[in-house]
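Any value given below was found using the heavy atoms of this structure, including those in side chains, with hydrogens, waters and symmetry copies removed.
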Amino acid sequence: MLVSGGVLTLVLAGCATDTGGQAFPDEPALASVTQGAKASALPARPAELNLQGADPCALLTGPQLDQLEINSKPRTAAEPIDGPTCVFDADAAEPFHTYYVRTVTADVEEWFTGKRRKNSMKTEPKAVGGFPAITNYRDAGKPSDCETLVGVAKGQTLAVRAVTVTAGAFTMPQLCEMSAQAADSALQTLKARN
């Protein structure tokens, strides 16, 4: 009888008394299941593309720059964001916009797992060129930027952010499409390089 009572005590310890005896998992465990489900929604990586030593300013070719309407010379960011960052400006005619291309030493899944995840950002799984990717943007206020993060290798992410300079010129879906298009272009260059 003591063993049964001990088991009953252990079972009841996981239940809250004000919920009619129904046990609920702790919030962190629930959050990790949800985040794990998001991460598992990412497609498998078809290959490993090494970003080590890659110059983000060289990841978009001349024809790709023309297609993206980038007219200024690519320049290294004065303040890199999480790794080497290059700035590409489309400022010859309105609507003005900019792309930030960066190479990050981190798994793309980290934007889902909490290590790089921000509650103020909306993250959606997708694929770019067959590689696991995430669309990352702020879902409140006026649309200003959208980032596409592509998991090109274990521990390596190619990040491309499209930013509107002309306020109100683009919708969030347009910015996200621009970001994904530029990320796909940079990915094609990276594939040719590897």
Practice task
Spell out, yes or no, whether Tyr100 and Ile70 are grouped together once hydrophobic residues are joined by side-chain heavy atoms under 4.5 Å, including indirect joins.
Solution key: no
Practice task
Report whether Val104 and Leu149 are members of the same hydrophobic cluster (ILVMFWY, side-chain heavy atoms less than 4.5 Å apart, transitive linking).
Solution key: yes
Exercise for the section: Check whether Tyr99 and Val87 end up in the same hydrophobic cluster, where Ile, Leu, Val, Met, Phe, Trp and Tyr are linked by side-chain heavy atoms less than 4.5 Å apart. Expected result: no
Handout entry: Closest contact, heavy atoms only, Thr164 versus Ala169
Key = OG1-CB, 4.0 Å
Handout entry: Phe131 side chain reached by Leu158 side chain, heavy atoms, under 4.5 Å
Key = no
Problem - Heavy-atom check, side chain of Gln156 versus side chain of Glu48, under 4.5 Å - result: no
Exercise for the section: Examine Phe96 and Val101 and state if one hydrophobic cluster contains both, with Ile, Leu, Val, Met, Phe, Trp and Tyr joined whenever side-chain heavy atoms are less than 4.5 Å apart. Expected result: no
Exercise for the section: Check whether any side-chain heavy atom of Arg102 sits under 4.5 Å from a side-chain heavy atom of Glu147, and report yes or no. Expected result: yes
Completion exercise
Between Leu68 and Ala182, the two heavy atoms sitting closest are CD1-CB, 3.9 Å
Exercise for the section: Look only at the side chain of Arg161 and the backbone of Asp145, and say whether a donor-acceptor pair between them is shorter than 3.5 Å. Expected result: no
Problem - Side-chain touch Arg138/Lys118, heavy atoms, less than 4.5 angstrom - result: no
Exercise for the section: State, with a plain yes or no, whether a side-chain heavy atom of Arg75 is found less than 4.5 Å away from one of Asp89. Expected result: yes
Completion exercise
Between the CG atom in Asn50 and the OG1 atom in Thr103, the distance rounded to the nearest 0.5 Å is 10.5 Å
Fill in the blank from the handout: OG1 (Thr148) and CG (Asp184) are apart, to the nearest 0.5 Å, by 10.0 Å
Practice task
Mind checking the OH-CE spacing from Tyr137 to Met172? Nearest 0.5 Å is all I need.
Solution key: 7.0 Å
Practice task
Apply the test side chain to side chain donor-acceptor pair (under 3.5 Å) to residues Arg117 and Asn119: give CA-CA distance (whole Å), side-chain angles for both, the deciding distance (0.1 Å), then the verdict.
Solution key: CA-CA 7 Å; Arg117 185 177 184 279; Asn119 288 331; 2.8 Å; yes
Handout entry: Leu51 CG to Arg193 CZ distance, which is reported to the nearest 0.5 Å
Key = 7.5 Å
Handout entry: Pairs flagged by disulfide bond (SG atoms under 2.5 Å apart) wherever residues 142-194 is involved - sequence neighbours left out
Key = Cys146-Cys176
Exercise for the section: Please tell me if the side chains of Pro56 and Thr85 come closer than 4.5 Å, counting only heavy atoms from C-beta onward. Expected result: no
Exercise for the section: Determine, for Asp107 against Lys115, whether the closest basic-nitrogen to carboxylate-oxygen distance falls under 4.0 angstrom. Expected result: no
Problem - Partner of Asp91 by side-chain hydrogen bond (donor to acceptor under 3.5 Å, both in side chains), out of Thr166, Asn71, Thr98 - result: Asn71
Practice task
Please examine the side chains of Leu60 and Phe88, heavy atoms only from C-beta on, and report whether any two atoms are closer than 4.5 Å.
Solution key: yes
Problem - Co-membership, hydrophobic cluster, residues Leu65 and Val160, 4.5 Å side-chain - result: yes
Handout entry: Nearest-0.5 Å distance that lies between atom OG1 in Thr135 and atom NZ in Lys122
Key = 11.0 Å
Handout entry: Side chain proximity check, Thr157 to Trp111, heavy atoms < 4.5 angstrom
Key = yes
